[in-house]
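Starting from 1, each residue takes its place in the sequence as its number.
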Amino acid sequence: MTQLKRLYLVNNKISRIENLNSLTQLRLLELGSNRIREIENLDMLRDLDSLFLGKNKITKLQNMDTLSNLTVLSVQSNRLLKIDGLQSLVNLRELYLSDNGIQVLEGLENNTKLTTLDVASNRIKRIQNIRHLTELQEFWMNDNLVDNWADLEELSGAKGLQTVYLERNPLQKDNQYRRKIMLALPSIRQIDATFVRF
């Protein structure tokens, strides 16, 4: 199985990532809905392009320094409290971290190629530390605690930003919610699940 390109091991009772060292050709690894607590033993998977670890028990983003070819990382519905450990993932284009306990938007300094950032359903109070993500097209931050309209300035450098989800944040209580987003982010084509009308 050394030529294997994709491996799907979803909905099992796997508690550790192990015994993958011979799968050096692997491009996609899907380990969602298991019992994994730690990201580990991925050193030999240097060609890995997509890693899916949703619905596990992972508490920390770590041990991914050799995965510089990774373009998609999904660690949704885990136990993350902080965004860190992504500094070597310089080719990352899509990052999915929804449904965790993250409180601060940070740790993305080297991930300048991101086009999709999903941090929905966390405990984040501010849109910050992402001004350098100028390639963003999709920004999903619904179901958080954002209440400051000035924070939208962080997204102003992303000239190709098409979609933003901010519903179920304190911002949405403003009667001018959609209008204020359109004024702050003129390239937006979709706000939450509704397309923008011109």
Side-chain angles (χ1 to χ4, degrees), residues 1-102 104-122 124 129-130 132-141 158 160-163 165:
M1 293 181 32
T2 58
Q3 300 301 310
L4 198 63
K5 302 273 190 215
R6 295 185 183 103
L7 181 58
Y8 299 88
L9 295 171
V10 181
N11 245 349
N12 289 287
K13 295 179 181 176
I14 298 169
S15 59
R16 292 196 66 207
I17 302 172
E18 57 188 351
N19 303 318
L20 299 175
N21 285 345
S22 64
L23 304 179
T24 57
Q25 303 295 310
L26 204 60
R27 303 267 311 176
L28 183 147
L29 179 58
E30 165 65 270
L31 292 168
S33 298
N34 280 291
R35 297 178 181 173
I36 297 167
R37 294 183 181 277
E38 183 177 345
I39 301 172
E40 59 184 342
N41 301 318
L42 299 173
D43 299 354
M44 300 305 292
L45 306 182
R46 296 179 192 276
D47 289 338
L48 197 64
D49 176 74
S50 302
L51 178 59
F52 297 92
L53 297 167
K55 293 188 177 179
N56 277 288
K57 299 177 180 185
I58 297 167
T59 59
K60 187 173 183 180
L61 296 170
Q62 61 185 358
N63 301 321
M64 293 184 285
D65 291 340
T66 60
L67 304 180
S68 60
N69 290 318
L70 205 63
T71 62
V72 179
L73 176 61
S74 176
V75 195
Q76 298 171 307
S77 300
N78 275 277
R79 298 177 180 175
L80 298 175
L81 299 177
K82 185 174 182 173
I83 304 173
D84 60 358
L86 302 178
Q87 61 276 2
S88 297
L89 306 183
V90 295
N91 290 306
L92 204 58
R93 294 196 178 280
E94 299 177 26
L95 179 59
Y96 303 94
L97 299 174
S98 63
D99 294 292
N100 279 287
I102 298 166
V104 178
L105 197 49
E106 62 186 348
L108 302 172
E109 294 78 17
N110 294 351
N111 310 113
T112 57
K113 294 182 181 178
L114 279 176
T115 59
T116 300
L117 178 58
D118 176 8
V119 289
S121 299
N122 278 286
I124 302 170
N129 304 316
I130 59 168
H132 64 288
L133 301 180
T134 58
E135 302 297 316
L136 269 186
Q137 297 171 11
E138 306 271 335
F139 181 65
W140 306 336
M141 197 169 172
L161 189 63
Q162 298 283 308
T163 304
Y165 277 84

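In this structure, the side chains of L51 and L45 stay at 4.5 Å or more apart for every pair of heavy atoms. Side-chain contact between I83 and L105 is present, with at least one heavy-atom pair separated by less than 4.5 Å. Looking at heavy atoms from C-beta onward, L117 lies in side-chain contact with L108 at the 4.5 angstrom threshold. Here the side chains of I58 and I36 are in contact, with some heavy-atom distance below 4.5 Å. For the pair Y96 and W140, the minimum side-chain heavy-atom distance is below 4.5 Å. Considering only heavy atoms from C-beta on, L89 stays 4.5 Å or farther from L95 through its side chain. Counting only heavy atoms from C-beta outward, the side chains of L20 and L29 approach each other to under 4.5 Å.
Sorted by first and then second residue, the side-chain hydrogen bond (donor to acceptor under 3.5 Å, both in side chains) pairs with a member in residues 75-86 read S74-Q76, Q76-S98, Q76-D118; sequence neighbours excluded.
For the atom pair L133 CG and F139 CZ, the distance stands at 9.0 Å (nearest 0.5 Å). With values rounded to the nearest 0.5 angstrom, T2 atom OG1 is found 8.0 Å from L23 atom CG. Taking CG from N69 and CG from L48, the interatomic distance works out to 9.0 Å, rounded to the nearest 0.5 Å. Of the inter-residue distances, the one linking I17 atom CD1 with E38 atom CD reads 8.5 Å to the nearest 0.5 angstrom. Residue L86 holds its CG atom at 5.0 Å from CG of L61, rounded to the nearest 0.5 Å. Annotation: the span from L92 atom CG to L114 atom CG amounts to 5.0 Å, rounded to 0.5 Å.
The two residues T59 and L80 come nearest to each other via the heavy atoms C-CD2, 3.6 Å. The shortest non-hydrogen separation linking M141 to V119 is CG-CG2, 3.8 Å.
Without hydrogens or angle criteria, N122 side chain to N100 main chain gives a donor-acceptor distance under 3.5 Å. Remark: the backbone N or O of N56 is not paired with any side-chain donor or acceptor of N34 at under 3.5 angstrom.
Considering only residues two or more places apart in sequence or on other chains, Q137 meets the side chain to side chain contact (heavy atoms under 4.5 Å, CB included) condition with T115. Every side-chain hydrogen bond (donor to acceptor under 3.5 Å, both in side chains) that D49 has, sequence neighbours left out, goes to T71. Applying the side chain to side chain contact (heavy atoms under 4.5 Å, CB included) rule to Q87 yields the partners D65, N110; only residues at least two apart in sequence or on another chain are considered. The salt bridge (charged side-chain N to carboxylate O under 4.0 Å, His left out) test applied to E40 returns R16, not counting sequence neighbours. Under the side chain to side chain contact (heavy atoms under 4.5 Å, CB included) criterion, T66 pairs with D43, R46, not counting sequence neighbours. The side-chain hydrogen bond (donor to acceptor under 3.5 Å, both in side chains) check on K113 picks up N91, with sequence neighbours excluded.
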Return a table of donor-acceptor pairs under 3.5 angstrom between the side chains of residues 5-12 and protein atoms on other chains or two or more places apart.
{"residue": "N12", "atom": "ND2", "partner": "L9", "partner atom": "O", "Å": "3.3"}
{"residue": "N12", "atom": "ND2", "partner": "V10", "partner atom": "O", "Å": "3.1"}

